[in-house]
Structures are given as C-alpha cells and as structure tokens.
Amino acid sequence: MSTGPVASVSGLRSRIGETVTLRGWLYNRRDSGKIRFLVFRDGSGYVQCVVVKKEVPEEVWTESDRLTQESSFEVTGVVREAPRQEGGVEVGVTGLTVLSVCHDWPITPKEHGVDFLMSQRHLWLRSAKQVAILRVRSEVESAIHDFYHSRGYTRVDSPILTPNACEGTSNLFETQYTEEEKAYLSQSGQLYLEPAAAALGKVYCFGPTFRAEKSKTRRHLREFWMVEPEVAFLEIDGLKALAEEFVKELTARVLDRRKEDLKRLERDTTTLEATVAKPFPRIDYREAIEILATKGFPVKFGDDLGGDEETALTEGFDTPVMVTRYPAAIKSFYMQPDPEDPEVVLGLDMLAPEGYGEIIGGSQRIHDHDLLLSRIRQHELPVEAFQWYLDVRKYGSFPHSGFGMGLERFTAWMCGVPHLRECIPYPRMLYRIYP
C-alpha cells in the first residue's frame with residue numbers, strides 16, 4: 001500500500017490533499033453497507049477515517065473489519081475537507097494495518113458506577129471526556145508558568161519532606177526520616193517560599209502537596225497540586241489585584257486554546273467569559289456573615305465558612321467573589337492582623353461561582369519578629385522548630401504576601417466537573433490508592 005509521512009490528527013487541517021499515515025486507536029466505528037466509518041484517535045484529537053470497499057484492496061477491507069474499540073492500528077489515506085466533521089477534515093483510507101486487536105474492552109457505553117470507573121482509572125483515562133479534562137489541566141499548568149515567568153518571577157522548588165508540622169500533625173502524613181527523626185509530607189511550600197522571596201523578590205512554587213484529613217467531599221483529595229506565589233513588599237491590596245489578574249489570565253487562556261475540549265465537555269462558558277470581562281466582587285467577612293444570615297445560615301463571627309456557606313455567598317454572581325478579613329482566631333498563625341481591626345487578619349479567600357467554592361486562599365504575612373513569635377506561642381507550636389522561619393524577620397524583615405491555588409479545584413471549575421477525582425490523572429482519596 002502507499003504510505004505518507006506520519007502525521008498527528010491535530011495537524012491535519014494544514015495537510016488537506018496530502019497522503020498521510022496516522023498511528024493510534026479506534027475510538028468507535030459505524031458500518032453502512034460497503035462503507036465503514038472509523039473514528040480514530042491518537043491523543044492529539046479525533047478524525048473520521050472512511051473505508052470504501054470498492055476503493056481499497058480486499059485485504060484492507062478485511063483488515064478494517066477486525067478493528068474493535070481501542071484496537072491500535074496504522075492507517076494511511078488522503079486528508080480531505082469535511083466541514084461537518086470535527087476539525088473540518090476526514091481521511092479517505094487507502095491502507096490500514098491492525099497492530100493489536102483489543103478484546104473485551106471493559107468500559108462499554110453503558111452506565112458504570114464510580115467505584116468501577118475509579119478502579120479502571122488507567123483505562124478510563126482514554127475516554128473523550130477524561131482526555132478533554134486532562135488537556136484543560138495541562139493548559140492551565142502551562143498558563144501558570146507563563147503568567148509568572150512573563151512577570152519576572154523565579155520558580156523555587158520547595159521541599160516535599162519537612163521536619164515539623166506547621167499547624168499540628170492531624171492533617172499531615174508522617175514518615176520515618178532517620179532512626180531518631182520523623183518527617184512529614186508537605187501541606188504547602190509557603191513557609192519555604194518566604195525566605196526565597198527575601199533572596200529573589202518574586203517567587204513561586206508549583207508541585208504536589210498532601211493532606212491527611214479524613215474528608216470524603218467532592219472538593220478534597222489527599223494528594224493534589226498547588227501553585228503558590230510569594231512576593232516581597234506586596235501588601236494585601238496588591239495581593240488581591242494579583243489573585244484577580246491571575247485567575248482572569250488563566251481563564252482567558254483556557255477559553256482561547258481549549259475550545260474544542262470545553263465543547264466536548266458540554267461546558268456552558270457563560271461564567272468563564274464573565275470572569276474574564278468583569279471585576280470580581282470583594283466583601284469582608286463581617287459583611288459575608290450578614291449576607292448569610294439573610295439566607296438562613298446561623299453563622300456568627302468566629303465561625304469558619306463551609307462548602308454550603310461558600311456556595312450561598314456566590315449565588316447571584318457570575319464571577320469569583322473575594323472574601324477578606326477573616327477572624328484571626330480561625331486563621332493561620334502567620335497571617336498579618338489588620339492594624340485597624342486586630343480581631344481580623346489581612347487574608348483573602350477567592351470563591352468560584354457555580355458551587356465550586358474556594359479556589360485561592362492567601363494573606364499578607366506577619367513581618368514583625370516579636371508578633372510572629374507571640375503567635376507561634378499562642379498556637380502552642382514549638383518555637384525551636386520555627387527558628388529558621390523567625391530568622392526571616394530577624395535579618396532584614398520586609399512586608400510580603402502570597403496565596404495558594406489548588407490546580408484540581410481550578411480545573412474542575414473550568415471544566416464544569418463536579419468532583420476533583422476527574423481532574424487529576426490518578427486521584428488519591430480516603431480509602432483509595434489503586435491504581
């Protein structure tokens with residue numbers, strides 16, 4: 001059979017009229033008499049390959065009949081315009097070779113339970129919806145790096161193994177580091193970024209983080225990826241502006257470059273478009289309490305806000321909402337108190353609309369040595385374990401701020417997916433570590 005240069009589906013639009021060879025898998029097929037329609041996928045996209053019995057050698061027709069869902073094969077043909085097909089092209093087949101026939105593919109078109117699909121995660125990844133989600137996730141990752149690199153930030157890789165638990169050990173995974181010492185899997189790179197900001201000014205880290213909390217909600221994973229910027233001489237108003245600019249740019253990037261994936265996910269992009277176009281509402285915690293009271297939530301000052309409260313706060317908004325100045329008593333020891341209202345801290349939570357909850361949490365950090373020391377003691381944390389952290393305030397202290405954003409939460413919102421488990425290739429959840 002005649003062969004052409006090996007091509008990818010994503011590049012076919014520029015090769016109309018050429019003979020090319022594709023290598024990949026059968027997504028599905030439809031037979032109509034003496035014409036066979038094969039939907040081919042190669043990871044970069046999908047294209048319909050048309051086999052016409054009278055136009056191909058008998059062995060090609062016979063070979064194409066062996067194909068089952070997820071069989072791997074090589075196909076050669078002429079790329080031609082097809083406005084009604086995905087990508088605007090199709091391939092008229094001239095040659096085909098089956099590489100491996102797939103038998104008894106377990107994920108059939110019928111409805112499957114979540115437990116079954118999660119146990120087959122290594123195979124479920126191949127489905128069109130899962131491929132689209134992972135492409136969006138990858139786009140967000142690239143956009144994160146582009147955002148910070150274009151603004152002069154330096155990436156600093158914070159350690160995954162840490163010698164002490166920053167805020168108690170109940171939510172941390174413990175491991176034996178030496179015969180005498182224990183270590184913990186990191187919950188956040190923030191504490192290590194703060195000294196780096198003193199060295200480099202504007203820094204960020206991006207990597208896996210771990211939470212051992214016994215949560216089974218749709219908003220929690222035990223292993224997830226988080227991006228955390230930390231900026232020297234940035235105070236709370238600048239932090240709010242940075243967080244808004246960051247989310248707007250990432251959202252615009254997804255809308256621009258992942259249109260086909262969002263369409264495959266049947267994502268209504270109305271709120272995403274509004275996020276790019278509109279300023280984000282900003283309300284303080286006390287105002288949030290009043291709003292929640294009108295909606296029937298018996299929340300009082302000093303209560304933390306749960307998922308239901310976060311959802312209620314964003315009702316009526318088509319963009320993220322920033323909630324600021326939470327009570328100091330419910331926030332981390334390192335958050336800067338508001339000089340005008342010491343009961344609250346200069347912190348922010350950004351809540352996504354449509355019930356997706358908190359996607360960003362951050363604050364201005366305490367930069368006064370003695371105040372930070374007193375907060376460490378108030379939280380009954382071991383001072384000696386945080387001496388290195390206090391040193392940042394001892395030697396040339398400076399105001400600074402930062403935030404963290406969970407990649408999976410942001411991706412879930414972009415894709416309109418209700419549960420984080422679909423937004424990471426291999427989710428680690430309470431009672432699940434297979435595959």
Test of ring centre spacing under 6.0 Å for F403 and F246: yes
Side-chain donor-acceptor contact under 3.5 Å, Y204 with H145: yes
Aromatic plane relationship, Y46 with Y27 - under 30° parallel, 30 to 60° tilted, over 60° perpendicular: perpendicular
Ion pair check, R222 and E213, cut-off under 4.0 Å: no
SB check K240 E245 (cutoff 4.0 Å): no
Pair E260 + R135, salt bridge at N-O below 4.0 Å: no
D115 with R432: basic N within carboxylate O range, under 4.0 Å: yes
Distance-only donor-acceptor check, side chains S186 and T209, under 3.5 Å: no
Between CH2 on residue W225 and CD1 on residue I424, distance to nearest 0.5 Å: 8.5 Å
R282/E244 salt bridge by N-O under 4.0 Å criterion: yes
Parallel, tilted or perpendicular: ring planes of F233 versus F398, cut at 30 and 60 degrees: tilted
Whether F210 and F173 hold their rings parallel, tilted or perpendicular, with breakpoints at 30° and 60°: perpendicular
Working for side-chain hydrogen bond (donor to acceptor under 3.5 Å, both in side chains), residues E228 and S188: CA-CA 8 Å; E228 300 174 87; S188 164; 2.6 Å; yes
Within-4.5 Å side-chain heavy-atom neighbours: Y153 and R155: no
Beyond-backbone contact of E310 with V321, side-chain heavy atoms, under 4.5 angstrom: no
Please list every donor-acceptor pair under 3.5 Å in which a side-chain atom of residues 189-200 meets a protein atom from a residue at least two apart or in another chain.
from : atom 1 : to   : atom 2 : distance (Å)
Q190 : OE1    : Y334 : OH     : 3.1
Q190 : NE2    : E194 : OE2    : 2.7
E194 : OE1    : Y389 : OH     : 3.1
E194 : OE1    : R393 : NH1    : 3.3
E194 : OE1    : R393 : NH2    : 2.6
E194 : OE1    : H400 : NE2    : 2.6
E194 : OE2    : Y389 : OH     : 2.6

Ionic contact status for E86 with R264, cut-off 4.0 Å: yes
Salt bridge E290-K295, side-chain N to carboxylate O under 4.0 Å: no
Lys NZ or Arg CZ of R151 over F147 ring: under 6.0 Å, within 45°: yes
Within the 6.0 Å centroid threshold, strictly below: W25 and F40: no
Electrostatic pair D341-R325, nearest N-O below 4.0 angstrom: no
Salt bridge D303-K300, side-chain N to carboxylate O under 4.0 Å: yes
Any donor-acceptor N/O pair, S44 side chain to S10 backbone, under 3.5 Å: yes
Short N-O contact, K129 and E422, less than 4.0 angstrom: yes
